[in-house]
Amino acid sequence: MNFSSIITNWYSIHKRSLPWRNTKEPYYIWLSEIILQQTQITQGLPYYEAFVNKFPTVFDLANAKESEVLKLWQGLGYYSRARNLHKTATYIANELNGTFPDTYTDLLKLKGIGDYTASAIASICFNKPTAVVDGNVYRILSRYYGIETPINYTEGIKEFKKLATALIDKNNPAEHNQAIMEFGARQCKPKNPDCSVCPFKNSCIALQKNSIDKLPVKLKKTKVSNKYYNFLVFISTDKKTLFEKRTYKGIWQNLYQFPLIETKTPLNIDAFKASAKVKSLLNDISFEFSLYNEKDIVHKLSHQHLYTKFWIIEVDKLPSEGISISELTTFPTNILISNFIDEFKFPI
DNA sequence: AAGGCGGGGCT
DNA sequence: AGCCCAGCCTT
């Protein structure tokens, strides 16, 4: 049996039942692929269900406001996916009459669709022999063939794409692609795979050379920077607060948050009171403030650690136009703000 | 070519 | 604490 047959045989026995495996409708496959980018199935699954429920067709998604899409995406991370999802839905609904492109090349032109996703949709929906190369495929191929080329540089990316393309079953690319990814997720796992039950145990180079835990090779280290976030949680006597949209580039673009003072070093109470933002906002206003959390809440992103304080500022009247506290949960926010709103006892 | 972009789970 | 996850976009 060749590589593809072994993989698809394994898949026919071990595959999980997942909602997007019951359809070849491009809209649903696209939705699932975007949600699952850099996201484990257990984390993405409830979001997929929510999106299918709220936006059953690409037209429903296109007709929504971006803030509605972000609200449903809240907590999933990599929010550019949601913004691009909405942009592409609008394009497909309005310019393509709701019909998805059916080739790798045309799919690749869409916002938010790169090599992996174009290959996935073209193969699963349109039976094109376009091989997917995701984290699972890198791991399986590097181990099985004992390939030590780093997977995060151009040379490795091209080498693995070429190999995956050579291996794909042209008669059944949809099944092949899904099978190899499921095999990577369930059998050829990153840590402690049970190679004793692997169908490739007699031919896997890494297993023979005892190098399973060294492959795939990935060189870059993401360096993490520390930042100090001070959120200003205003509470007025008429039960309003200030909530702002992050319109600038960077993390959490187009999500909402309390007014923020960002510093490179911790902000003590005196520095907080002396800060330009506090002064400008609270000039000529009487207020009382307290600190919600004495110890910083540490919010860890892949490339930043955010040491966060929430400052509670009670005022008679807001320094500028605000929103009703009861409306807070209708705005899309990051998980940090969302958790605070859930846990803090606002006087509603 | 390199770096930014989230949040959760596992070891 | 570090790595990984059905990657993509901008610079």
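Predicted model only: the values in this text are computed from it and were never measured. The basis for the numbers below is simple: all heavy atoms, side chains too, and nothing from hydrogens, waters or symmetry mates. By convention in this document, chain letters (A, B, ...) are assigned in the order of the sequence lines, proteins followed by strands, and residues within each chain are numbered from 1.
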C/dC9 OP1/OP2 closer than 4.0 Å to side-chain N/O of A/Arg81:
no
Let me spell it out: for each of A/Asn339 and A/Asn152, pick the nucleotide of DNA chain B with the closest heavy atom. Which residue's pick is nearer the 5' end?
A/Asn152
Donor + acceptor pair across side chains of A/Arg143, A/Ser211 (<3.5 Å):
no
Between B/dG4 (P) and A/Tyr78 (OH): distance, integer Å:
11 Å
Please determine if a side-chain N or O atom of A/His303 lies less than 4.0 Å away from the OP1 or OP2 oxygen of B/dG4.
no
For B/dC5, take OP1 and OP2 only and decide whether either is under 4.0 Å from a side-chain N or O of A/Gln304.
yes
Where the side chain of A/Leu301 is concerned, which of B/dG7, C/dG7, B/dA1 is the nearest nucleotide?
B/dG7
Against the side chain of A/Tyr153, the closest entry in B/dA2, C/dG7, B/dA1 is B/dA2
Would you say C/dC5 has OP1 or OP2 under 4.0 Å from some side-chain N or O of A/Gln40?
no
Below 30° counts as parallel, above 60° as perpendicular, anything between as tilted: where do the rings of A/Phe272 and A/Trp311 land?
parallel
Tell me whether the side-chain N/O atoms of A/Tyr79 come closer than 4.0 Å to OP1 or OP2 in B/dG7.
yes
Is the ring centre of A/Trp30 less than 6.0 Å from the ring centre of A/Phe100?
yes
With hydrogens left out and only the distance checked, is there a donor-acceptor pair under 3.5 Å joining A/Thr42's side chain and the base of B/dG8?
no
Can you tell me the base-pairing partner of C/dC9? Count Watson-Crick or G-U wobble geometry only, both distances below 3.5 Å, and say none if there is no partner.
B/dG3
Using the ring centroid of each side chain, check whether A/Phe3 and A/Tyr144 are separated by less than 6.0 Å.
yes
Using a 4.0 Å heavy-atom cut-off, does A/Trp30 contact any base of the nucleic acid, only the sugar-phosphate backbone, or nothing at all?
nothing
Report the C-alpha separation of A/Thr57 and A/Asp60 in whole Å, then their side-chain angles, then the decisive distance to 0.1 Å, and conclude whether the side chain to side chain donor-acceptor pair (under 3.5 Å) test is met.
CA-CA 5 Å; A/Thr57 73; A/Asp60 298 312; 2.9 Å; yes
Is any side-chain N or O of A/Lys300 closer than 4.0 Å to OP1 or OP2 of C/dA1?
yes
In this structure, how many angstroms lie between the P atom of C/dC8 and the CD1 atom of A/Ile34, rounded?
7 Å
Using atom C1' in both nucleotides, what's the gap between C/dC3 and B/dG6 to the nearest angstrom?
15 Å
For A/Asn84 and A/Gln43, take the nucleotide of DNA chain C holding the closest heavy atom to each; which residue's nucleotide lies nearer the 5' end?
A/Gln43
Quick check on B/dG4: is either OP1 or OP2 less than 4.0 Å from any side-chain nitrogen or oxygen of A/Ser302?
no
Would you say A/Lys214 places a side-chain N or O within less than 4.0 Å of OP1 or OP2 belonging to C/dC3?
no
Does A/Trp252 make a side-chain N or O approach to OP1 or OP2 of B/dG7 shorter than 4.0 Å?
yes
Closest to the A/Ile41 side chain: B/dG6, C/dA6, C/dC4?
C/dA6
Out of C/dA6, C/dC9, B/dA2, which nucleotide sits closest to the side chain of A/Lys220?
B/dA2
How far does the C1' atom of B/dG3 sit from the matching atom of C/dA6, given to the nearest Å?
23 Å
